[in-house]
Amino acid sequence: MAIAIHEVPLSSGSKAVPRIAMGTAAFPWPTTSDTTRDAILHAIKIGYRHFDTASLYSSEEPLGEAVAEALRLGFIASRDVLFITSKLWIRDAQSHLVLPALQKSLRSLQLEYLDLYLIHFPICAKPEGPRLSLSEDELMPIDISSVWASMEECQKMGLTKSIGVSNFSIKKIEKLLSAATIPPVANQVEVNPLFQQKKLREFCIAKGIQLCAYSPLGARGTAWGQNWVMECEILQQIAKAKGKTLAQICLRWVYEQGDCVIVKSFNEKRLMENLDILDWELNEEERETISRIPQRRGNQSLFFISENGPYKSLEEFWDDEI
């Protein structure tokens with residue numbers, strides 16, 4: 001029997017978003033299409049209804065295949081019960097490229113519409129060239145007014161039910177809002193107990209923007225992640241006392257902040273464990289203890305593969321802390 005996941009309404013009045021999402025980015029990407037497809041299909045079977053992808057991840061096609069197979073097998077009655085998010089990559093972050101990029105994503109997904117389309121990062125790169133290999137001279141500030149106008153047009157065309165952003169700071173959201181006719185409904189950013197995003201969350205709540213949290217465990221195992229979260233003694237102690245895994249403590253904490261939490265595992269056992277955060281809660285003492293954990297900025301900057309070296313942070317493109 002599929003587990004029912006709570007939903008939260010978006011400010012646009014469109015379909016509510018399930019509070020737990022399955023992330024489909026795997027590092028190093030792309031992972032095999034069959035592995036991704038099979039994991040997503042199992043996730044649909046056990047109750048996941050929100051799936052997060054992006055053109056960068058090379059997971060749109062296997063996600064689309066999994067949705068088609070889930071419909072064929074009767075795991076879901078229709079595509080409409082799913083909430084599917086994808087993202088505009090920085091090489092497509094120019095006004096005339098937004099619509100073609102979204103149309104390409106829809107073809108890969110075998111879908112007529114997205115539920116949410118996000119600007120992946122608040123920067124732009126020259127459109128020519130490989131998606132993953134970027135050099136510094138290709139990067140430039142994004143023309144957010146014209147790009148957002150194209151995002152709005154995509155929503156008006158019915159190709160996406162809602163539009164939003166990812167990795168946007170307060171200042172960058174303020175700049176977007178000054179030009180927007182349709183405000184963003186969501187901001188997808190890193191959130192975990194060691195990077196709690198209190199100021200950004202307060203700002204987004206005040207503006208009616210839903211925070212969606214990726215890397216709730218600190219993105220351990222990736223080139224840009226770290227082990228700080230999983231090695232945190234405070235979280236380990238709470239997990240032991242609670243009889244839960246450290247990962248479940250982190251996911252439940254993010255969930256209790258009111259965020260949508262994006263979990264990432266292709267392992268069937270962990271996929272189920274990640275849903276096992278709904279029928280219990282942290283107590284006041286535990287929440288207070290977590291709130292006092294010293295904060296360390298995580299992987300909020302974009303990292304890219306340079307032909308002349310390893311991953312490099314693009315700190316110069318941020319105008320303030322996220």
Is the shortest side-chain heavy-atom distance between [X] and [Y] below 4.5 Å?
{"X": "L139", "Y": "C124", "value": "no"}
{"X": "V8", "Y": "Q210", "value": "yes"}
{"X": "N187", "Y": "L200", "value": "yes"}
{"X": "I290", "Y": "I238", "value": "yes"}
{"X": "V165", "Y": "I209", "value": "no"}
{"X": "V191", "Y": "P216", "value": "no"}
{"X": "F168", "Y": "V189", "value": "no"}
{"X": "Y48", "Y": "H42", "value": "no"}

Over 12 non-hydrogen atoms of neighbours within 6.0 angstrom of [atom1] in [X]:
{"X": "K156", "atom1": "NZ", "result": "yes"}
{"X": "K242", "atom1": "NZ", "result": "yes"}
{"X": "E268", "atom1": "CD", "result": "no"}

Quiz prompt | Partners meeting ring-ring contact (aromatic ring centres under 6.0 Å, His included) with H120 (sequence neighbours left out) | solution = Y57, W89
Nearest-0.5 Å distance that lies between atom [atom1] in [X] and atom [atom2] in [Y]:
{"X": "S162", "Y": "M151", "atom1": "OG", "atom2": "CE", "value": "10.5 Å"}
{"X": "L235", "Y": "Q248", "atom1": "CG", "atom2": "CD", "value": "13.0 Å"}
{"X": "T160", "Y": "L106", "atom1": "OG1", "atom2": "CG", "value": "8.0 Å"}
{"X": "K45", "Y": "L271", "atom1": "NZ", "atom2": "CG", "value": "13.0 Å"}
{"X": "K264", "Y": "D52", "atom1": "NZ", "atom2": "CG", "value": "12.0 Å"}
{"X": "M230", "Y": "N192", "atom1": "CE", "atom2": "CG", "value": "11.0 Å"}

Self-check item: cation_pi(K161, Y113) dist<6.0 Å, angle<=45
Solution: yes
Practice problem: Decide whether a cation-pi geometry holds between R19 and Y255; the criteria are a distance under 6.0 Å from NZ or CZ to the six-membered ring centre and an angle within 45° of the ring axis. | Solution: yes
Self-check item: Salt bridge present between R72 and E69 (N-O < 4.0 angstrom)
Solution: yes
Consider only side-chain heavy atoms of I, L, V, M, F, W and Y, link residues closer than 4.5 Å, and tell whether [X] and [Y] are in one cluster.
{"X": "F266", "Y": "I44", "answer": "yes"}
{"X": "I40", "Y": "V81", "answer": "yes"}
{"X": "L114", "Y": "L97", "answer": "no"}
{"X": "I119", "Y": "L177", "answer": "yes"}
{"X": "F203", "Y": "V254", "answer": "yes"}

Exercise. Test R49 against E7 for salt bridge (Lys or Arg N to Asp or Glu O under 4.0 Å), laying out the working first.
Key: CA-CA 10 Å; R49 294 295 180 261; E7 299 179 339; over 6 Å; no
Quiz item: Quick one: side chain to side chain donor-acceptor pair (under 3.5 Å) pairs with a partner in residues 102-111, sequence neighbours left out?
Solution: E60-S105
Considering all heavy atoms of both residues, which atom of [X] and which atom of [Y] are nearest to each other, and what is their separation?
{"X": "A101", "Y": "L88", "answer": "CB-CD1, 3.7 Å"}
{"X": "S215", "Y": "E190", "answer": "CB-CG, 3.8 Å"}
{"X": "Q196", "Y": "P193", "answer": "NE2-O, 2.8 Å"}
{"X": "P122", "Y": "S166", "answer": "CD-O, 3.9 Å"}
{"X": "M140", "Y": "A125", "answer": "CE-C, 4.2 Å"}
{"X": "G164", "Y": "L116", "answer": "N-CD1, 3.9 Å"}

Exercise. Any ring pair (Phe, Tyr, Trp, His ring centres under 6.0 Å) involving residues 59-88? Give me the pairs, sequence neighbours left out, ordered by first then second residue.
Key: H50-F83
Quiz item: What do the steps show when you test D137 against K126 for salt bridge (Lys or Arg N to Asp or Glu O under 4.0 Å), and what is the final call?
Solution: CA-CA 9 Å; D137 61 2; K126 294 177 181 178; 5.4 Å; no
Please list, one pair per line, the donor and acceptor atoms closer than 3.5 Å that link side chains of residues 272-282 to other protein atoms, with sequence neighbours excluded.
{"from": "E273", "atom 1": "OE2", "to": "K269", "atom 2": "NZ", "distance (Å)": "2.5"}
{"from": "N274", "atom 1": "ND2", "to": "R270", "atom 2": "O", "distance (Å)": "3.2"}
{"from": "W280", "atom 1": "NE1", "to": "D276", "atom 2": "O", "distance (Å)": "2.9"}

Exercise. With T24 as reference, evaluate S58, S86, S59 under the side-chain hydrogen bond (donor to acceptor under 3.5 Å, both in side chains) test and give the passing residue.
Key: S59
Quiz item: Got a sec, which pairs hit salt bridge (Lys or Arg N to Asp or Glu O under 4.0 Å) with one end in residues 250-263, sequence neighbours left out?
Solution: R201-D259, R252-E256, E256-R287
Quiz item: What residue pairs, at least two apart or across chains, pass salt bridge (Lys or Arg N to Asp or Glu O under 4.0 Å) with a residue in residues 112-123?
Solution: K15-D115, R79-D115
Quiz item: Using a distance-only test with no angle check, is there a side-chain donor-acceptor pair under 3.5 angstrom linking S95 and S150?
Solution: no
